[in-house]
Protein chains: 2
Amino acid sequence: MARSAVPTRDRIISAANALFYNDGIRGVSVDAVAEKAGVTKRTLYYHFKSKDDLVAAYLANRDQPNLALFRQWFSDARGGLPAKVEAIFRNLARSARHPKWKGCGFLRTSAELANMPGHPAIRIGAAHKKKFEGWLCATFEAEGIAEPLRLARQILLLLDGSFAVVLLHRDPSYMETAGEAASSLTAAAMARRRSRH
Amino acid sequence: MARSAVPTRDRIISAANALFYNDGIRGVSVDAVAEKAGVTKRTLYYHFKSKDDLVAAYLANRDQPNLALFRQWFSDARGGLPAKVEAIFRNLARSARHPKWKGCGFLRTSAELANMPGHPAIRIGAAHKKKFEGWLCATFEAEGIAEPLRLARQILLLLDGSFAVVLLHRDPSYMETAGEAASSLTAAAMARRRSRH
DNA sequence: TTGTGTATATTCACTGGTTAGTATACATAG
DNA sequence: CTATGTATACTAACCAGTGAATATACACAA
């Protein structure tokens, strides 16, 4: 049945991931994905009912590992909350220096498919960002920060701004600048918490 | 000669603007642009040597009006520097509530063509953002703010983050949150200026 | 005024290639 | 012998770009 140890469906998703992330959705044909996965197009259409379905699977597959990475960057960092927040941006800058880096797959897909608001891939992207926002918010809340959601959203804005700006200018130092802003906003929010106790 | 008062070339750019902004670059065929402009495809190729050339013209055409709008929002606002900065975000949120709004054309194009780093359209987008950053920086410098470039970049990050996040979630309130962050970072930078004098 | 050449502007019709998706048949396992 | 999975071969539409011809405007000579 399977040509190798990894199931056909997973190989297709893996091929889709490499191609869609690199060249965008409309820049990659279903034939190209099938060829990269080592299957015929007909086999691909056995596992996915349409290209849109495949795109959704591509993003759904990025959700968990992506979030896990951010959480790990955060928890591995030394220092207080501002330093831990800043560490996310520093690690992101390091990723962005790899030549194959092409920004955030969720944001790039949502930008490309902006004229299809209800597209499954966009819903998956939105859910992904909400999960990250929710995790940040819960973390801040546990630290007793006032208006944790507001701070979480401001950091998310800086993060997604980093993706966009660094993709445009190809200058990862913007991520460090964003990290400083995030750190400073976090420190200010912590000061507001302390001042009330 | 001309079918109407406005030159053919301008009508083509105008059609390209409407279609590319709405549906993305690869989502729009040259035939579609020609049809919308009321010319044949061959005429379009008389005025533009390729689709890439047309895309570049589409963005080049957005550069000046876009910057002028931001400057006007800033200068029309009442209050101190933080309030003027925040006004940009408030006005942007108002724009984003229009149903035809689809984020930033420069960022969306750079996201879609991320696998073509030297593409003329991306260069035009990068230059556009640098112009905005430069204007912000000069404004802050004139106000005697310490490290004006740093603040300018942080605000740019919040702004471009707004575009990305609001496009994904279709929730313009993120822009007001970004405006608060920008205002707060600006106020902090002004305090640093004052504290040294 | 009239004819004529030339650059500009536009059209029709076409090409070679690509695309998403499918009809049909074949294989293999339980 | 039936459900799952894979392959060959196809369709109908679309797409970027082009060849060849035509129309228009205008400068200038007769």
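Only this structure's heavy atoms are used, side chains among them; waters, hydrogens and symmetry mates stay out. Chain A is the first sequence line, chain B the second, and so forth, proteins listed ahead of strands; every chain is numbered from 1. Note that the structure is a prediction, hence the values are computed from the model and not measured.
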Among [options], which nucleotide sits nearest the side chain of [X]?
{"X": "A:Val30", "options": "C:dT10, C:dA20, D:dT6", "answer": "C:dA20"}
{"X": "B:Thr40", "options": "C:dG21, D:dA16, C:dT11", "answer": "C:dT11"}
{"X": "A:Lys41", "options": "D:dC15, C:dA20, C:dA9", "answer": "C:dA20"}
{"X": "A:Val39", "options": "D:dA7, C:dG21, D:dT6", "answer": "D:dA7"}
{"X": "B:Tyr45", "options": "C:dT10, D:dG17, C:dA20", "answer": "D:dG17"}

Starting at atom [atom1] of [X], determine the distance to atom [atom2] of [N], rounded to an integer number of angstrom.
{"X": "B:Asp53", "N": "D:dA16", "atom1": "CG", "atom2": "C1'", "answer": "14 Å"}
{"X": "B:Asp23", "N": "D:dC15", "atom1": "CG", "atom2": "C1'", "answer": "16 Å"}
{"X": "B:His47", "N": "C:dA9", "atom1": "NE2", "atom2": "C1'", "answer": "6 Å"}
{"X": "B:Asp10", "N": "C:dA9", "atom1": "CG", "atom2": "P", "answer": "12 Å"}
{"X": "B:Leu44", "N": "D:dT18", "atom1": "CG", "atom2": "P", "answer": "12 Å"}
{"X": "B:Glu35", "N": "D:dA16", "atom1": "CD", "atom2": "P", "answer": "14 Å"}
{"X": "B:Asp31", "N": "C:dC12", "atom1": "CG", "atom2": "C1'", "answer": "13 Å"}
{"X": "A:Phe48", "N": "D:dG5", "atom1": "CZ", "atom2": "C1'", "answer": "14 Å"}

Original post:
Counting any heavy atom closer than 4.0 Å, what does A:Val33 reach on the DNA or RNA strands: base, sugar-phosphate only, or nothing?
Top reply: nothing

Original post:
NA contact type, B:Ser29, heavy-atom cut-off 4.0 Å: base, sugar-phosphate, or nothing?
Top reply: sugar-phosphate

Subject >> Pair B:Glu133 + B:Arg153: basic N to acidic O under 4.0 Å >> reply: yes

Subject >> Carboxylate-amine/guanidinium proximity below 4.0 Å for B:Glu143 and B:Arg192 >> reply: no

Subject >> Donor-acceptor contact below 3.5 Å, side chain A:Glu112 vs main chain A:Arg26 >> reply: yes

Subject >> C:dG21 phosphate, OP1 or OP2, under 4.0 Å from A:Ser50 side-chain N/O >> reply: no

**OP:** Report yes if a side-chain nitrogen or oxygen of A:Tyr46 is closer than 4.0 Å to either non-bridging phosphate oxygen (OP1 or OP2) of D:dG5; otherwise report no.
**Re:** yes

**OP:** Please state whether the base of C:dG21 and the side chain of A:Arg42 form at least one donor-acceptor pair under 3.5 Å?
**Re:** no

Original post:
Taking the six-membered ring for Trp, are B:Trp135 and B:Phe74 ring centroids under 6.0 Å apart?
Top reply: yes

Subject >> Whether A:His169 and A:Tyr174 hold their rings parallel, tilted or perpendicular, with breakpoints at 30° and 60° >> reply: parallel

